[in-house]
Protein chains: 2
Amino acid sequence: MELTNTILQLFPKLNEAVSKDGINILKHSQQITIPEGTTIFHQGDQCLNYLLVIAGSVKVFTRAENGREIVLYHISSGGSCVLTTSCLISSEDYPAEGVTETDVVALAIPKPVFEQYMGESKAFRKQVFHSYGDRLIKLITLVEEISFAKLDIRLAKYLLENGSVNTPIRTTHQALATELGSAREVISRQLKEFENKGWVLLNRGKIEITNHDALANLLAH
Amino acid sequence: MELTNTILQLFPKLNEAVSKDGINILKHSQQITIPEGTTIFHQGDQCLNYLLVIAGSVKVFTRAENGREIVLYHISSGGSCVLTTSCLISSEDYPAEGVTETDVVALAIPKPVFEQYMGESKAFRKQVFHSYGDRLIKLITLVEEISFAKLDIRLAKYLLENGSVNTPIRTTHQALATELGSAREVISRQLKEFENKGWVLLNRGKIEITNHDALANLLAH
DNA sequence: AAGCTTTAAGTGACATTGTCACTTAAAAAT
DNA sequence: ATTTTTAAGTGACAATGTCACTTAAAGCTT
């Protein structure tokens, strides 16, 4: 089956779980498609599946009382949702919300099957732990960046990671503010400065990089 | 043995692992004592044990290039070190450092024993996962606080959690800044404001709360 | 096509927090 | 009783966040 290969390519550790431990990933799990903009979990939700993202992307973020948001991380193909995984094991309230940014194809492994695999396959456990470790590192890195890095650096980094001279970034200043945990006005000001220096070209909903090296130079410190 | 009872009280899930799954926690693990101020891990360290903290406290923090630090979390009795746990499974570089804040008594479970327990005992897995989930939540909450909460609120919260009208807090402004991810001068200014309002009394290395309710009222928003 | 409506972005004044280059003062060490 | 170390204070300034708006572009609506 085509899907099997895709999955095993995306999740190399599962490959081992299948070949060494005889885990039949597909037998007791279900492929699901979730349309863009769907909230897949929020605070206090119960969770009944272990989710492996095959295609598309999920945005995980928190919201403050005053409405400000900050993106914690994205789950893209090859990633799994550790928050719902935690939920599977110790059922606590998670202070975050997950929304699909695009149509998402995922493999849903039901809780009892997940638990069985955890007991049977060392490779499966490794896969699960690996995603945990990954998230932990990403979150720690995020704390570090928020606390220490200046906004112009973080913004330049984002621009370089999400666009190039030929491929403009299609996003709003508001979305960027959420992504970086800042405020729209601050992002607008900073982008305007970049534009004045001739590093980017701004249009409603679109940012074009016009001087890659200058932006990269900011990061070089 | 006295120690067994202490451990099983601190880690209720392990209790189950012992009684239901016949795991002999003490047989293949070692009780260790680590003096105050010891670095138990930093970036890139290899880790050979799963650590359960029985007594004392470990501070986990990151350091920026310019020397500024922020405390990510503390591990106290009943906690385990998930960063080293991650390290046990997927060996990546962790962007954090762990230092004992007091003398620490810990149970060290060697990597092979840890892996065996993970395969054998559902309760043991639960214990491990539970600490992971906990950390994840704490880190997300930290991101939220750093991003959204004002410093006076966070400072007041810290003061109330770590002292009372009768028990002064023994710490420096610098340590407080690290704890909250701010700068010493900022903490000093804010504390001085609290003092001017008659909410605290400041002395070198000591902060006394003189008006609990006023501080608590700040939190109530 | 001209006018509404919605959404994105700009603006200036101001508050909060962080940085820098110091000074002052308390505690510890010799 | 000095010196040395460590903690805290200070003022000027820079960076970021907040507020209450305005302006402008893009999508609808008839």
Side-chain angles (χ1 to χ4, degrees), chain A residues 37 62-71 142-159 168-197 200-208 218 221, chain B residues 37 62-71 142-159 168-197 200-208 218 221:
Chain A
T62 41
R63 210 193 303 269
E65 285 161 5
N66 67 357
R68 251 184 81 194
E69 292 175 1
I70 180 168
V71 172
L142 180 63
V143 170
E144 222 180 310
E145 285 187 347
I146 295 175
S147 304
F148 304 137
K150 287 211 189 159
L151 199 71
D152 54 350
I153 312 275
R154 298 213 292 136
L155 182 54
K157 193 175 164 204
Y158 182 93
L159 295 178
I169 300 163
R170 305 218 156 259
T171 187
T172 65
H173 297 186
Q174 180 56 68
L176 261 168
T178 298
E179 195 70 36
L180 301 177
S182 177
R184 178 185 58 79
E185 299 93 321
V186 178
I187 298 291
S188 290
R189 255 184 280 170
Q190 194 61 64
L191 281 173
K192 185 57 71 182
E193 244 185 74
F194 285 174
E195 192 178 41
N196 290 338
K197 287 176 175 165
V200 299
L201 194 65
L202 301 178
N203 276 103
R204 181 183 239 249
K206 188 168 77 170
I207 304 166
E208 288 174 85
L218 255 192
H221 182 252
Chain B
T62 42
R63 207 193 306 269
E65 285 161 5
N66 67 358
R68 252 183 79 194
E69 292 176 0
I70 180 167
V71 172
L142 179 63
V143 170
E144 223 180 308
E145 283 186 349
I146 295 175
S147 306
F148 304 137
K150 288 211 189 160
L151 198 72
D152 54 350
I153 311 277
R154 298 213 290 136
L155 182 55
K157 192 175 164 202
Y158 181 93
L159 295 178
I169 300 163
R170 303 220 157 257
T171 187
T172 65
H173 296 186
Q174 180 57 67
L176 260 169
T178 298
E179 194 71 36
L180 301 178
S182 178
R184 178 186 59 81
E185 298 93 320
V186 179
I187 298 292
S188 290
R189 254 184 281 171
Q190 194 62 65
L191 281 173
K192 185 59 68 182
E193 244 186 74
F194 285 174
E195 191 178 42
N196 289 339
K197 285 177 175 163
V200 300
L201 195 64
L202 301 178
N203 276 102
R204 181 184 238 246
K206 187 168 79 170
I207 303 165
E208 289 175 82
L218 254 192
H221 183 249

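In what follows, every chain begins at residue 1, and chains take the letters A, B, ... in the order their sequences are listed.
For the pair B/R184 and B/K150, nearest-nucleotide mapping onto DNA chain D gives the more 5' position to B/R184. Take the nearest nucleotide of DNA chain C for B/S182 and for B/R204: the residue whose nucleotide is more 5' is B/S182.
For the pair A/R189 CZ and D/dA15 P, the interatomic distance rounds to 11 Å; values are reported in whole Å. Atom-to-atom, CZ of B/R170 to P of D/dA7 comes out at 14 Å; the value is rounded to the nearest Å. If you measure from atom NZ of A/K206 to atom P of C/dA9, you get 12 Å, rounded to the nearest angstrom. Rounded to an integer number of Å, the gap from B/Q190 CD to C/dG18 P is 10 Å. Atom CG of B/L191 is separated from atom P of C/dT17 by 13 Å (rounded to the nearest Å). B/L176 has its CG atom 13 Å from the C1' atom of D/dA7, to the nearest Å. If you measure from atom CD of B/Q174 to atom P of C/dT19, you get 11 Å, rounded to the nearest angstrom. The separation between B/D152 atom CG and C/dT17 atom C1' is 11 Å, rounded to whole Å.
Using a 4.0 Å cut-off, no side-chain N or O of B/S188 falls inside it from OP1 or OP2 of D/dA8. The shortest distance between the side-chain N/O atoms of A/K192 and the OP1/OP2 oxygens of C/dA9 is not below 4.0 Å. For B/H173, no side-chain nitrogen or oxygen approaches OP1 or OP2 of D/dT6 to under 4.0 Å. Applying the 4.0 Å criterion to OP1 and OP2 of C/dT19, one finds that B/R68 has a side-chain N or O inside that range.
Remark: the backbone N or O of A/L180 is paired with a side-chain donor or acceptor of A/R154 at under 3.5 angstrom. Remark: side-chain polar atoms of B/E195 are paired, donor with acceptor, to backbone N or O of B/L202 under 3.5 angstrom. Checking side-chain atoms of B/R68 against main-chain N and O of B/R63 turns up no donor-acceptor pair under 3.5 Å.
By the 4.0 Å N-to-carboxylate-O rule, A/K157 lies close enough to A/E145 to be salt-bridged with it.
Here the NE2 atom belonging to A/H173 is positioned 13.0 Å from the CZ atom belonging to A/R189, to the nearest 0.5 angstrom.
With C/dT19, C/dA8, D/dG17 as the candidates, the nucleotide lying closest to the side chain of A/T172 is C/dA8.
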